Amino acid sequence: MAQKPSIPKGTRDFTPAEMANRNYIFNTIKDVFRLYGFQQIETPAMENLSTLMGKYGEEGDKLLFKILNSGDFLNGLSDNELLERNSPKLTTKISEKGLRYDLTVPFARFVVQNRDKITFPFKRYQIQPVWRADRPQRGRYREFYQCDVDVVGSDSLLNELELIQIVDEVYRRLKIKVVIKINNRKILSGIAEIIGEAEKITDITVAIDKMDKIGLEKVNEEIASKGISQQAIDKLQPILKLSGTNSEKLNQLKAVLSYSEIGMKGIAELETIFGLCEAMKVDTAIELDLTLARGLNYYTGAIFEVKALDVEIGSITGGGRYDNLTGVFGMEGVSGVGISFGADRIYDVLNQLELYPENSVENTRVLFVSFGEKELMYCLPWLNALRAKGINTEIYPESAKMKKQMSYADNKHIPYVAIVGETEMNEGKVMLKNMKSGEQQLCTLNELLAIIQ
RNA sequence: GUGGUUAUAGCUCAGUCGGUUAGAGCGUCGGAUUGUGGUUCCGAAGGUCGCGGGUUCGAGCCCCGUUUUCCACCCCA
């Protein structure tokens, strides 16, 4: 055998059956997005590296797939530069493009670049693959789809509400039980401020984000290792051990954060959002979770994460508010808030729970079986007529044996087979076989339509 | 990037202590059945045992390297 073909690690092929299931997810999500007035855009798979670099932290830069310049990419490089073996420095000289890492940064770029063509508040959705040079493992791929919805150019917390409603509706339709975890970056900032470590906020949030995984003790260890004083860590404890309902937690927080203006603002925002959700009777449980920090450093207000209740897979949706995302591209003062559905993880969840609907509408409804040139010419107008009625129809393209043609129909789960031979042609009919019951009858075109429609 | 793990037919996997010609199920193809699939029966094709090197009289099996798979960490959807 020749060399076995393969695909890059962390990437996947999708069979027709798998695509039917994936499209079910994408269509469900899309339908809900449109229901709330969001419009679709697309951006290129590759962006200039200058757009991407520095937006995801230094870790993110490493996880970017970089595209080698075309042609003689070593042209203009001195031998000295090559001998230095300084990869990051060399990278900037031999690669100027990279594959997108998420949809949010390209979207920010899009807004800045197309500001003359869009009306604010701009509500867009975007469903495209993103790429990360990560090491793949369960629920983690190097190529995966994100389904982003964002609103830019509006500070209103109504947007946060609508995003929560979208989450609520999407997972209701997909029949996945979830919990929405919510937090607010301003509260985290307030906490850092109160304990006197305002500038260590990132370290603190990264550490407490791991609360679920490694527990209180290890979180404290990690915080300490970042050079935060024991005194500050002590002050942090009551906050990490918060309990009760959302409003109980908020009240406890109010007591702790009363001297932090920003912290109190975060609390007020959360109270508003909870109030709105209650008024709108959002079904899904919403849980204030201070350990929710998320790595992306551009969130400034609400932070969301959605976890599936019945499957262990990490978060399947995440997002938040970022006050000045377009600022890095020279457009100040535009606030945005958005969330991203991880289609591939949702796909894994649905696979594990087998929650797909039965009807595969995309499938062929009728297969014509025929035995030769004459029969073929007889069938083709029938195919035209059925397709004109919007019925998915195909004909087996070779005059193969009946057994083979029937097996083909069977494997493709085609519910009806129309058999055409001498007898049928003489009568101007076809023999229609129901593949499930095995019954068959001679039909005119209208009789056939009546049966299969 | 760090640590561990895996690799045998298209797929899922057996393969004893290192011993002759590497097996099964499923799938594919052909036949039983020239116009009837899903069930059954018969038969066939399909392998550089991931790749490269080493140890040995002899390696799918042991050793080294490399690639790959999966898992944990980092990080994340």
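As the structure is a prediction and not an experimental result, all values here were calculated from the model. Residue numbering restarts at 1 for every chain, and letters A, B, ... go by the order of the sequence lines.
Contacts with RNA chain B (heavy atom under 4.0 Å) in residues 433-442 of chain A: Lys433(A), Met435(A), Lys436(A), Gly438(A), Gln440(A), listed by number.
Taking only distance into account, the side chain of Glu424(A) meets the base of G35(B) through a donor-acceptor pair shorter than 3.5 Å.
One atom, OH of Tyr56(A), and another, C1' of C76(B), lie 13 Å apart when rounded to the nearest Å.
Here, A45(B) and A24(B) have their P atoms 12 Å apart, quoted to the whole Å.
Taking 4.0 angstrom as the limit, Lys404(A) places none of its side-chain polar atoms (N or O) nearer than this to OP1 or OP2 of U36(B). A sub-4.0 Å separation between OP1 or OP2 of G37(B) and a side-chain N or O of Gln405(A) is absent. Within the 4.0 Å cut-off from OP1 or OP2 of C74(B), not a single side-chain nitrogen or oxygen of Arg135(A) is found.
A salt bridge links Arg173(A) to Glu169(A): at least one charged side-chain nitrogen sits closer than 4.0 Å to a carboxylate oxygen.
Of the candidate nucleotides U68(B), C74(B), U36(B), U36(B) has the atom lying nearest to any side-chain atom of Ile419(A).
Ring orientation note: the planes of Tyr299(A) and Tyr322(A) are tilted relative to one another, at an angle of 30° to 60°. Between Phe14(A) and Tyr347(A), the two ring planes are perpendicular [angle over 60°; tilted spans 30° to 60°]. Using a 30° and 60° split on the angle between ring planes, Tyr396(A) and Tyr408(A) fall in the perpendicular class, above 60°.
Other residues, nucleotides and ligands place more than 12 heavy atoms under 6.0 Å from the NZ atom of Lys412(A).
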### Query
Which string of ( ) [ ] | and . matches RNA chain B, if you list each base 5' to 3' and count Watson-Crick or G-U pairs only when both distances are under 3.5 Å?
((((..(..((((.....[...)))).(((((.......))))).....(((((..]....))))))..))))....
